[in-house]
Amino acid sequence: QVQLVESGGGLVQPGGSLRLSCVAPGFTLDYYAIGWFRQAPGKEREAVSCIGYTDGSTFYADSVKGRFTISRDNAKNTVWLQMNSLKPEDTAVYYCAANLMRSSVARGFFTHEFSYWGQGTQVTVFS
C-alpha cells in the first residue's frame, strides 16, 4: 500500500510563508507526477500545483501563481511546495498525490489520474 505523507502545515499570519513536504516511505516517487491539492471547509477540492518527472513541467492554479513554487528532489524522494505571501483564502487542508499516468504536466492533467493520496496537512492563515 502506497502511503504519501505530508508535513509542514501550520498557523501563519497573512504575508507569511510555509513549506510543505511530501514523502513516500518505502516507495519511490521518481516516476510519478506529483500534485498538491487543497480543500477548504465547504468547498470542493482544487488543484494547486503539479510537477512532472521527465521535463520539469509545472502547473500552478491562477490563485497561487507567483506565490507558490513546487519542486522535487528524486534523490531525497521528496516534493515540496513553497508557499509565500500567504493569504487567508489559502487556508485549507493540503494534500499531495501521485500520478503514474503522466510524466509531464505540460499539457495538463486530470484529478482522477492521481492514484495515491496523503492524509493532508492543515494550513491556516489568520490575522
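Numbers here simply count residues along the sequence, with the first being 1.
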Mutual orientation of the aromatic rings belonging to Phe114 and Phe37 [parallel < 30°, tilted 30-60°, perpendicular > 60°]: perpendicular
Closest contact, heavy atoms only, Arg102 versus Phe109: NE-CA, 3.4 Å
Distance-only side-chain donor-acceptor flag, Gln122 / Thr124, under 3.5 Å: yes
Contacts of type disulfide bond (SG atoms under 2.5 Å apart), residue Cys50, not counting sequence neighbours: none
Val5 with Trp80, same ILVMFWY side-chain cluster at under 4.5 Å: no
Shortest non-hydrogen separation from Thr121 to Glu6 and the atoms involved: CG2-CB, 3.9 Å
Side chain to side chain donor-acceptor pair (under 3.5 Å) between Ser21 and Thr78, worked out: CA-CA 7 Å; Ser21 299; Thr78 304; over 6 Å; no
Heavy-atom pair of closest approach, residues Ser71 and Ile51: CA-CD1, 4.0 Å
From CA spacing to verdict: side-chain contact (heavy atoms from CB on, under 4.5 Å), Val48, Tyr60: CA-CA 6 Å; Val48 175; Tyr60 295 97; over 6 Å; no
Any donor-acceptor pair under 3.5 Å from Asn84 side chain to Ser17 backbone: no
Heavy-atom donor-acceptor pair, Arg67 side chain to Ser85 backbone, under 3.5 Å: yes
Min side-chain heavy-atom separation Ile70-Trp36 under 4.5 Å: yes
Side chain proximity check, Asn99 to Tyr32, heavy atoms < 4.5 angstrom: no
Flag side-chain contact, heavy atom, 4.5 Å: Arg19 against Ser7: no
Within 45° cone and under 6.0 Å: Arg45 NZ/CZ vs Trp117 ring: yes
Closest heavy-atom pair and its distance - Ala40, Ala92: N-CB, 3.8 Å
Worked check of side-chain contact (heavy atoms from CB on, under 4.5 Å) between Ile34 and Leu29: CA-CA 8 Å; Ile34 302 298; Leu29 297 177; 4.0 Å; yes
same_hphob_cluster(Val79, Phe27) at 4.5 Å side-chain heavy-atom cutoff: yes
Whether Asn77 side chain and Asn74 backbone form a donor-acceptor pair below 3.5 Å: no
Ring centers of Tyr95, Tyr116 separated by less than 6.0 Å: no
Over all atoms of both residues, closest heavy-atom pair of Gly9 and Leu20: N-CD2, 3.5 Å
Contact check, side chains of Glu46 and Arg38, non-hydrogen atoms, under 4.5 Å: yes
Gln3 side chain to Pro25 backbone, donor-acceptor under 3.5 Å: no
Members besides Phe126 in its Ile/Leu/Val/Met/Phe/Trp/Tyr cluster (side-chain heavy atoms under 4.5 Å): Leu11
Distance-minimising heavy-atom pair for Ser49 and Leu81: CB-CD1, 4.0 Å
Under 3.5 Å: donor-acceptor pair, side chain of Thr54, backbone of Ser103: yes
Tyr53 side-chain N/O to Arg72 backbone N/O, donor-acceptor pair under 3.5 Å: no
Residue pair Tyr94 / Met83, side-chain heavy-atom distance below 4.5 Å: yes
Full working for salt bridge (Lys or Arg N to Asp or Glu O under 4.0 Å) between Lys87 and Asp90: CA-CA 5 Å; Lys87 304 175 181 180; Asp90 294 318; over 6 Å; no
